[in-house]
Amino acid sequence: MMGARKKQKTYRFQGGVHPPEEKLTAALPTEAMPLPEKIYIPLSQHIGAPAVPVVKEGDRVLTGMVVAEAGGFVSTPVHASISGTVTGIVDYPHPVGRNMPAVVVESDGADKLDEKITPPPDINSLTGEEIREIIKNAGIVGLGGAAFPTHVKLSPPKDKPIDTLIINGAECEPYLTADHRLMLEHPEKVIGGARLLAKALGVTRVLTGVEKNKMDAVQALTGATGSDVAVVPFAVHYPQGAEKQLIKASVDRVVPAGGLPMDVGVVVQNVGTAAAVYDAVTDGMPLISRIVTVTGPGIRTPKNLRVRIGTPLSEVIASCGGLAPDVRKVILGGPMMGNAQFNLQVPVIKGTSGVLLLTESAAEVLQPGPCLRCGNCVRVCPMGLTPLMFARYTELGMFDEAAEFNVADCIECGCCAYECPAHIPLVQYAKYAKAEIQNRKRKAAG
Amino acid sequence: MLSAILTLAGLGFLAALGLAVASRVFYVKMDPRVATIADILPGANCGACGYGGCGAFAQAIVSGEGKIEACSAIDEEGAHAIADIMGIMYTESEKEWAVVLCRHTDGGVANTFDYVGISDCRAANLVGGGPKACPSACIGLGTCAAVCPFGAITMSADGLPIIDPNRCTACGVCVAECPKNVIVLAPVSSAVSVHCSSEDKGAAVKKVCSTGCIGCGACVRVCPFEAMTMENNLAAVNYSKCRVCGLCVSVCPTNAIRDHRDELKVRKIAVIGDDCNGCTLCARACPVDAIAGNPKEQHTVDPARCIGCGICADQCKRGAVSMITVDNTEDEASGPATVVGGGGR
Amino acid sequence: MGHFVLLIISAVLVNNFVLARFLGICPFLGVSKKTETAVGMSMAVVFVMTIAALATWLLQTYILIPFGIQYLQTIVFILVIASLVQLVEMVIQKVSPVLYQALGIYLPLITTNCAVLGVAVLNIQKEHTFWEAIIFAFGASLGFGLALVLFAGIRERLDLADVPKSLRGTAIALITAGLLSLAFMGFAGLVK
Amino acid sequence: MKDVYLITSGPHVHSTDSIPRVMYSVVLALLPAVAVSILFFGAAALMMYAISIITCIAAEAACQKIMKRPVTVTDGSVLITAILLAMNLPPSAPWWLVVVGSLTAVVLGKQVYGGLGYNPFNPVLVARVVLLISFPVQMTNWVSPAPLFSGIDMVSMATPLGEIKTELLTTGAIDLARYNYFDFTVGFMGGSLGEMSVIALLLGALFLLYRGYITWHIPVTYIGTVFVLTGIFWMYDPTSFANPVFHVLAGGLVLGAFFMATDMVTTPVSPRGMVIFGLGCGILTVVIRLFGGYPEGVAFSILLMNAATPIIDRYTVPRKFGYTRPDEAGGAS
């Protein structure tokens, strides 16, 4: 039956780079991290409105209990990831770089599961609508990093029919192996989750895309799937895992500029999201933990860890043997798109795919030089932009001109800055220009 | 000779005829005043008036939609010239300047991380709000200096904007571009400012900065004019009430409130004239006991103690007290202040 | 036919009015800050030059020479050119006020643009026939436009360059114009 | 800086490319041709390289000191200018010609625009053209190669391109029989220092192509255009037009196409723009060589196309991903 499936054709997307893969932790099985004593659950872990707390200081919570309800349609609830006592709702360091409100829970060490968490009586009879509702209540967001609420993606407007679901197992960022380990260790969850997502969307065409540097994961997934979910190996090419590029590479459709995947009838979900959906539907388990790759030259024992949401980085690092002495940079996410952190108190949140620790030598400070107009940035840009131009215009404060070079379409993948021989921080210019253009628009609007 | 005259005349006539017809066909109404006014305007295109540059502003003035007062950079002479062209009144607005409400360099605000990247505050602010430990502190990368159309801002070596009051026209470009909103426009005459923008609680401020406003309220209590307010742990000067006495400056425990009277050359002191009949009202009202004199005799003001609050002038029923502006900048140490100009209150 | 092609090549490239004859430098420097303006100016010059050449040639041949009053050449030509420029100015002001604003003072200055008078006078000097005169004028104005647009492109890029403070503006523009002129010298000898 | 972490915007890893790496790779790529020229012209060539390198570096350092900017002579870019400049001069060039050329290239060609990355024209070609126009005699005093240790004296001669030009003017026809293309390829071609050996130049060019510091677009379209156009004229009239192989091998075309028309700073950034650039260079070179007053048109052509680069760039901005022109909308799947 497996042999009957014909080989899935793949396509090329323009641009892209191939940084060294550095998958140090690819062969390390996922370990469950010991429970922290205190967790800090930010109310805003997703794109959209922050969640609204429903607990107060002194409340006792059980693992999996809702501590904050969704703050709107584009929002999700957050759950207690351990059992214990709420000691307050405080402003606490957040991965975005400033303090944000978070629910603090002091562990009672029991990790007692909320007894309301039970599997539904009959999984097979669930309707798409019911699956979507379960996903929404489980607080599931895109686990690839963007943390967009999954139920919103599963509710396309009527005029945008969806015919294809792509499960994103590309994990094209160097260093990160969280998705890789998940696909190896729990292929049944990924495939099962994919089926549930397909049911929620009402589509029959489901692809799981994996980069070819993870052939063992391709095999594991192929072993777990039937004829309904195709497993497609892709070329190892960053940013293969970026939504628009993945769609181009797998079904040869081009998402219109400024548009969304649903405009071409596609929904993309990360493999981690699929597995979380599987857990939520089959066990009733909300999203309270995730696999985090703790890696890089700056950590003593690199690991793939299953971490409870809200665990401070310092504890995650401690359970990996601690920092190397000359750690210079702490990055949440991968080296291409991750954000550098300055405070080890920040908690792991739903979108945290990895913690990358770079030492003095690895976090080399590159001084920018003059642009040589070599055109590398133009060649590698997967969005077909001209980074050298918008960067220079931005540098000179000419934001209107930068906008003319479509800086708004930049996906901040980092290819341009990676390749720039002059070490110009092109991505930072893009982010800066986008923010300033938005600011100006807002001011002009009054 | 005749042919030459005829040729030229004929040609001239033909050209004139053609142009006359063309000017009918392609007639466009143009007001010559626009160009004249545009010439008078400073030409810095700073945008403070709210129009897209001086040319557009000139157009707006002529159309009656723009007000000359909107231009902060124009000098009085120019403003009056425009007013004359348009046949309208020009009322001089209160002169303002830009003030940086942060002294992170004095306060010893540390960096929470090493920032490496675009040398622009707006860009740095997007990366964790900039490296300064105080979330409200000036980032110090000099965006304000770079955007100032009048070259009025220079950056000190340790990263604090220094504003040249003589060059600042209060156009507000720096105010709009500062991502931390630590620059505000303040009236030059009210030369006292709270140099802190942090709304954090006192303890949090103290932790990161030795010269931040800790919200103690001493300034509010000492102000004789109720011109100090305290909101969200941050003191603020109500410029409509402030009489620039500087009492708040002296009581502020962290030196967050500072006095710019000498820098701006607006320091005033009281002088008692011959009309004084020794009623002692002024001496009793003076908050700093700077007025001395026997009853029924002419009183005198000790210029070293006088803070220029003007309470005495308000109290005097005979109008014998006048407030005069003094220039202390030349040589503060020696001799009495030089009097540079009068002015009552 | 080939003769006309050579005439155009000569006027556009080899004896480019701006870069080889150094005529019309004022608008060349004045309106080369933005490519759009440069294109507008080029079109205005193409129009004025061609029509001026036509009119002046006719005047010279049918009025000045028959009456023996060639000594009036300069004043008559200027009169014609000035009127034409006035006309163009009115048209542009009506049709494209933005372009009118951007061209500013340089539009009326086409009147005193020596390139236009130059074309008219050269046509007489070189004893061009009627069609040669028009083709030559057209080629010359195209050459002016080519130089102007190329130069505008370079100047827009110079806006992004980190030019030393003392050389910014006209200084660097003049240096660049010189280098551009050097490059055009490569066409020397193309047409004898 | 204990306990304070470093924060930069992503990406946090970087390819090994850097400005010095790019520049020294180009220097390395030029070395075979430099070696050939020294082999053939001995101490005279060596002297010219030395003078130009010293003058260029000194001029760049001086300019940067005067402008109070960081001195960046070690980044290798000025070294490329120096070597290429010497390569663009005749082997008999007097020392002062080299000095004037070096100063022109570095000061007028590069530093007045703010230094590396901002010059609109290729500095080397600016210098070459300035010298050619100012000192035509010294710039066209060609000598025959006299291999090192061979004992042969350098004698005056003309370049092949110059020769056929004169021949065509005087006799009305050309005769290519005396030329041996093997000489052109290996290095017995008369001309500038760097034009000696096509093989040595190609060796360096292949290295740059392999390293990705130049792309095929400009050299291939440039040489291709010259080949095709001269081919058409040759087929039309072989007695007055030289064959395309001659035109490709003779003169500075290979040097220009691979090392000067590919200068990143002064050429278009997008592949489409590069193709247009190469085409333009090819057409102009052929026009100047076949019909112009100068026997060689490479330097002028590249300079002229440098001037057109901003306009080319403007109209060849890559189309962004997912952008459909209004008239195409609806046709997309």
Side-chain angles (χ1 to χ4, degrees), chain C residues 2 5-6 9-10 12-16 18-20 32-36 38-39 42 143 145-192, chain D residues 63-64 66-69 104 107-123 125-134 136 165 169 265-266 284-285 287-315:
Chain C
V5 172
L6 283 184
I9 290 178
S10 161
V12 174
L13 301 177
V14 187
N15 294 314
N16 185 289
V18 182
L19 298 171
S32 53
K33 286 198 187 99
K34 283 260 167 280
T35 314
E36 287 84 3
V39 171
S42 305
L146 175 72
L148 191 61
V149 171
L150 284 183
F151 193 54
I154 300 176
R155 281 188 83 177
E156 271 185 25
R157 230 191 90 186
L158 289 184
D159 282 348
L160 300 182
D162 199 7
V163 175
K165 255 209 178 96
S166 50
L167 289 173
R168 273 182 209 164
T170 315
I172 198 71
L174 282 168
I175 291 173
T176 310
L179 296 183
L180 190 58
S181 169
L182 275 179
F184 265 72
M185 292 189 89
F187 292 118
L190 207 54
V191 178
K192 273 117 237 161
Chain D
C63 283
Q64 289 174 329
I66 292 169
M67 294 190 290
K68 298 195 177 68
R69 293 186 182 187
T104 312
V107 180
L108 197 61
K110 184 175 170 193
Q111 288 299 333
V112 291
Y113 290 102
L116 181 62
Y118 300 119
N119 49 306
F121 297 101
N122 187 321
L125 295 177
V126 166
R128 180 183 163 132
V129 166
V130 165
L131 294 181
L132 188 61
I133 290 167
S134 316
K165 188 130 222 162
L169 284 175
V265 175
T266 54
L284 290 170
T285 302
V287 166
I288 295 175
R289 274 191 185 179
L290 297 187
F291 307 106
Y294 290 100
E296 173 62 301
V298 171
F300 286 113
S301 312
I302 299 175
L303 271 186
L304 285 164
M305 289 313 287
N306 284 164
T309 295
I311 299 286
I312 297 176
D313 265 338
R314 198 184 161 93
Y315 292 104

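Below, chains carry the letters A, B, ... as their sequence lines are ordered, and counting in each starts from 1.
- For F184(C), the ring-ring contact (aromatic ring centres under 6.0 Å, His included) partners at least two apart in sequence or on another chain are F187(C).
- Side-chain contact between D162(C) and R69(D) is present, with at least one heavy-atom pair separated by less than 4.5 Å.
- Residue contact with chain D, scored on non-hydrogen atoms closer than 4.5 Å, is absent for S166(C).
- Both the backbone and the side chain of L304(D) come within less than 4.5 Å of a heavy atom in chain C.
- Scored by the ring-ring contact (aromatic ring centres under 6.0 Å, His included) test, F121(D) finds no partners at all (sequence neighbours excluded).
- What you find for F300(D) and L182(C) is that their closest heavy atoms are CE2-O, 3.6 Å.
- A pairwise comparison of heavy atoms in A161(C) and Y113(D) identifies CB-O, 3.9 Å as the closest pair.
- The minimum heavy-atom distance linking G153(C) with P310(D) is given by the pair O-CB, 3.3 Å.
- Here the options are L190(C), L13(C), I9(C), the test is side chain to side chain contact (heavy atoms under 4.5 Å, CB included), and the partner is V287(D); only L190(C) passes.
- Counting all heavy atoms, side chain and backbone alike, A307(D) lies closest to I154(C) at O-CG1, 3.6 Å.
- Looking at Q111(D), the atoms closer than 4.5 Å to chain C (heavy atoms on both sides) all sit in the backbone: N, CA, C or O.
- Between V265(D) and R157(C), the shortest heavy-atom distance links the atoms O-NH2, 3.3 Å.
- Pairing each heavy atom of P164(C) with each of G114(D), the nearest pair is CD-N, 3.7 Å.
- Looking at N306(D), neither its backbone nor its side chain comes within 4.5 Å of chain C, counting heavy atoms on both sides.
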### Task
Show the numbers, then the answer: is there a side-chain contact (heavy atoms from CB on, under 4.5 Å) between L108(D) and L179(C)?
CA-CA 9 Å; L108(D) 197 61; L179(C) 296 183; 4.1 Å; yes
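- Looking only at heavy-atom pairs under 4.5 Å with chain D, the residue among K165(C), E36(C), R155(C) that has the most is E36(C).
- Contacts between L167(C) and chain D at a heavy-atom distance below 4.5 Å involve the side chain alone, from C-beta outward.
- Contacts of Y118(D) classified as ring-ring contact (aromatic ring centres under 6.0 Å, His included), with partners at least two apart in sequence or in another chain: none.
- Residue L158(C) touches chain D through its side chain alone, counting heavy-atom pairs closer than 4.5 Å.
- Both the backbone and the side chain of V149(C) come within less than 4.5 Å of a heavy atom of chain D.
- Chain D is approached within less than 4.5 Å, heavy atom to heavy atom, by I172(C), I175(C) from residues 168-175 of chain C, ordered by number.
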